[in-house]
Amino acid sequence: MQETHLNLKVLLPFHVFVNRSDVTKIVAESTGGSFGILPHRLDCVAALRPGILIYVTESGDEAFVAVDDGVLVKAGLDVLISVRRAIAGSELGKLREAVEREFKSQDQLEQSARLITKKLEAGFLRRFAELKDE
């Protein structure tokens, strides 16, 4: 008898966010559009864009996970998804609100950190050029 379940792992930088072995279907959003994965689909690799990952368990339950940019690898019955950030939710409306609140606040922090880094780099280069001229 052929196996009809996928082993799904959603990996974040510091821990495993989802680890299920009873998944029958996965729908993800790649840079080329949405696509589905069933247990007997050919192996693949896909670059993911921010969006909603949907997976269906053996019992028929649908689960929703908002994911950031990342990569999906399907090898045999194993599906590994590696992303920077993820938020789980049972209702799409509430999940959307959580994503906007969480991801946008983190994006603002990252933008501030990049700005500070650019200022430090510019200051370093300016001082280095002054030393070179002396």
d(S82 OG, D68 CG) to nearest 0.5 Å is 11.0 Å

Nearest 0.5 Å please: distance from the CD atom of E29 over to the CZ atom of F35. 10.0 Å

Pairwise distance CG(L53) to CZ(F64) - rounded to 0.5 angstrom: 10.5 Å

Measuring from D78:CG to L8:CG, what's the distance to the nearest 0.5 Å? 10.0 Å

Write out all pairs satisfying side chain to side chain donor-acceptor pair (under 3.5 Å) with one or both partners inside residues 53-66, taking only residues at least two apart or from two chains. H5-E58, T57-S59, S59-D61

Given L72, which partner from the list L80, V10, I37, V45 fulfils the side-chain contact (heavy atoms from CB on, under 4.5 Å) test? I37

Please list, chain by chain and in numerical order, all residues satisfying side chain to side chain donor-acceptor pair (under 3.5 Å) with R41, sequence neighbours excluded. none

R85 CZ to L12 CG distance, which is reported to the nearest 0.5 Å: 10.5 Å

Rounded to the nearest 0.5 Å, what separation is found between the CG atom of N7 and the NZ atom of K74? 10.0 Å

Would the distance check show the side chain of K25 and the main-chain N or O of V27 forming a donor-acceptor pair, the cut-off being under 3.5 Å? no

Among D22, V56, V23, find the residue that satisfies the side-chain contact (heavy atoms from CB on, under 4.5 Å) test when tested with L6. V23

Report yes if some heavy atom in the side chain of V83 is under 4.5 Å from a heavy atom in the side chain of L11; otherwise report no. no

